Amino acid sequence: MSGDILVRVRDALPGLQPAERRVADAVLADPSASSELSITMLATRATTSETTVMRFCRTLGLTSYPQLRLALAAAAAREAVWGGPGEGDIDVSDTLSKVVDKIVHSETLALEDTRAGLDIEALQRAVDAIAGARRIDVIGSGASGFVAADLQQKLHRIGLVSFVWSDIHAALTGAALLDARDVAIGISHSGATLDTIDPLTAARSRGATTIALTNFSGSPIADDADILLTTAARETTFRSGATASRIAQLAVIDALFIGVVQSRFDDASVKLADTYRAVQPRRR
């Protein structure tokens, strides 16, 4: 519990009431200092009440405030091993060497936290759905659109009929052609991107199996997902929604793809070899 308490706090952010959000912000700003505060002191720091702090604890699945303090202390110790809670925040005055250190630090944490929180049973259900689908539509906008394109290219290489949509009109018209034999995958870091949510909603209404990949399990896209996969990336300052989140998404996509390859190994291995040979003449 303690190892992933900060991940759980971030994951809960979209569904928190304003007063609970202030508690979350106070905790995330300095987990170590927060772990040493009494419930009264934390409530004061967050300009709210002790009742709200307890409600925040219950939202995280904790039964008492001491549990939160212990979890925060353990999380702060883990953060210190990786260089401190602020190590991933890039400042305009940082040297290029420091920028590199901070990016690697942040992306490493994103991968570690994503692995710790990934629902393997949900991942297996996603693998099974994709492996048996007549057609797979992958939907994503912005940075998530590049991740969607990566998944579609991988599925295409093993002979699965797949499409990638980053334009809302194309995504909606694609969804209108789906049925119960098909799968639609929506990728959105925030889970609130309407250009991804709306086609996923349409696909589900047509009977397609829907899969969502997001950083926040309580975000709107989860409402339209038969299968929910989550990342655990931290995006701050210069990297809002674009770097650590993309790395975490790609890690889940890679695991998903390898699972599909394993489930169709004989056929997939032949097609991977064939597509590899097809481009060899283009190499020097």
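Keep in mind the model is a prediction, meaning the values are calculated, not measured.
For CD of Q17, the number of neighbouring non-hydrogen atoms (other residues, nucleotides, ligands) closer than 6.0 Å is 12 at most. Residue F163 places its CZ atom among more than 12 non-hydrogen atoms of other residues, nucleotides or ligands, all under 6.0 Å distant. In this structure, Q280 places its CD atom where more than 12 heavy-atom neighbours from other residues, nucleotides or ligands lie under 6.0 Å away.
Under the 4.5 Å side-chain heavy-atom criterion for Ile, Leu, Val, Met, Phe, Trp and Tyr, L200 and I130 are members of distinct hydrophobic clusters. No continuous path of ILVMFWY side-chain contacts below 4.5 Å connects W165 to I168, so the two sit in separate hydrophobic clusters. Clustering ILVMFWY residues whenever any of their side-chain heavy atoms sit less than 4.5 angstrom apart, transitively, puts I211 in a cluster other than the one holding L178. In terms of hydrophobic clustering, with Ile, Leu, Val, Met, Phe, Trp and Tyr side chains grouped at heavy-atom distances under 4.5 Å, L62 and L72 are assigned to a common cluster. Transitive grouping of hydrophobic side chains (ILVMFWY, heavy atoms separated by less than 4.5 Å) keeps L177 and V164 in distinct clusters.
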| task | Please lay out, stage by stage, how R135 and S162 fare under the test side-chain hydrogen bond (donor to acceptor under 3.5 Å, both in side chains). | result | CA-CA 6 Å; R135 162 180 165 168; S162 56; over 6 Å; no
| Does the pair R206 and D179 meet the rule for a salt bridge (Lys or Arg N to Asp or Glu O under 4.0 Å), with working shown? | CA-CA 5 Å; R206 299 283 301 178; D179 60 33; over 6 Å; no
| query | Are S245 and Q249 close enough, and set up right, to give a side-chain hydrogen bond (donor to acceptor under 3.5 Å, both in side chains), and what steps lead you there? | reply | CA-CA 6 Å; S245 62; Q249 288 173 345; 5.2 Å; no
| query | Given the rule in the side chain to side chain contact (heavy atoms under 4.5 Å, CB included) test, do L37 and T44 qualify, once you have shown the distances and angles that lead to the verdict? | reply | CA-CA 10 Å; L37 299 177; T44 299; over 6 Å; no
| task | Given side chain to side chain contact (heavy atoms under 4.5 Å, CB included), test F257 with I158 step by step and report yes or no. | result | CA-CA 10 Å; F257 172 69; I158 59 173; 3.9 Å; yes
| request: Evaluate the salt bridge (Lys or Arg N to Asp or Glu O under 4.0 Å) criterion for residues R22 and D25: first the C-alpha distance (whole Å), next the side-chain angles of each, then the deciding distance (0.1 Å), finally the verdict. | output: CA-CA 5 Å; R22 292 197 298 275; D25 289 341; over 6 Å; no
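Of all heavy-atom pairs between L256 and A126, the closest is CD1-CB, 3.6 Å. In plain terms, the two heavy atoms of V27 and S34 that are nearest each other are CA-OG, 3.6 Å. Contact detail for A233 and N215: the closest heavy-atom pair is N-OD1, 2.7 Å. Nearest heavy-atom pair across S32 and S35 is O-OG, 2.6 Å. T230 approaches G117 most closely through the heavy-atom pair OG1-O, 4.1 Å. Between A75 and I5, the shortest heavy-atom distance links the atoms CB-CG2, 3.6 Å.
In this structure, the side chain of D11 engages the main chain of S217 through a donor-acceptor pair within 3.5 Å. Side-chain atoms of T114 come within 3.5 Å of backbone N or O of A110 as a donor-acceptor pair. Looking at S106, its side chain never comes within 3.5 Å of a backbone N or O of K102 through a donor-acceptor pair. Listed for the S144 side chain is no donor-acceptor partner under 3.5 Å among the backbone atoms of G140. Side-chain N or O atoms of R264 include one that pairs as donor or acceptor with a backbone N or O of A131 at under 3.5 Å. The closest donor-acceptor contact from the side chain of T95 to the backbone of K98 lies under 3.5 Å.
Scored by the side-chain hydrogen bond (donor to acceptor under 3.5 Å, both in side chains) test, Q124 finds D128 as partners (sequence neighbours excluded).
Counting Ile, Leu, Val, Met, Phe, Trp and Tyr side chains that sit under 4.5 Å apart, directly or through other members, V270 stands alone, with no cluster partners. Through direct or indirect side-chain contacts shorter than 4.5 Å among Ile, Leu, Val, Met, Phe, Trp and Tyr, Y276 is connected to no other residue.
At a threshold of 4.5 Å between non-hydrogen side-chain atoms, the residues T51 and F56 do not count as touching. Side-chain contact between L250 and D150 is present, with at least one heavy-atom pair separated by less than 4.5 Å. Annotation: side chain of L213 is in contact with side chain of T231 (closest heavy-atom distance under 4.5 Å). Between Q67 and S64, the closest side-chain pair of non-hydrogen atoms falls below 4.5 Å. By the 4.5 Å heavy-atom criterion applied to side chains, R115 and I120 are counted as neighbours. Contact check for I139 versus I187: no side-chain heavy atoms found under the 4.5 Å cut-off. Annotation: side chain of V161 is not in contact with side chain of R134 (no heavy-atom distance under 4.5 Å). The shortest side-chain heavy-atom distance between T214 and H189 does not fall under the 4.5 Å cut-off.
In this structure, the separation between OG1 on T52 and CD on E20 is 7.0 Å, given to the nearest 0.5 Å. For the atom pair L28 CG and L6 CG, the distance stands at 6.0 Å (nearest 0.5 Å). Atom CD1 of I136 sits about 7.0 Å away from atom CD1 of I185, to the nearest 0.5 Å. With rounding to the nearest 0.5 Å, the separation of CZ in F216 from CG in L228 is 12.5 Å. Note: I221 CD1 to L194 CG = 10.0 Å, rounded to the nearest 0.5 Å. The line from CG of L109 to NE2 of H105 is 4.5 Å long, rounded to the nearest 0.5 Å.
Side-chain contact, T108 with E112: no donor N or O sits under 3.5 Å from an acceptor N or O. Side-chain contact, D224 with T201: a donor N or O sits under 3.5 Å from an acceptor N or O. Using modelled atom types, one finds no donor on one side chain facing an acceptor on the other under 3.5 Å when comparing D195 with S141. In the model, T210 has a side-chain atom that pairs as donor or acceptor with a side-chain atom of D226 under 3.5 Å.
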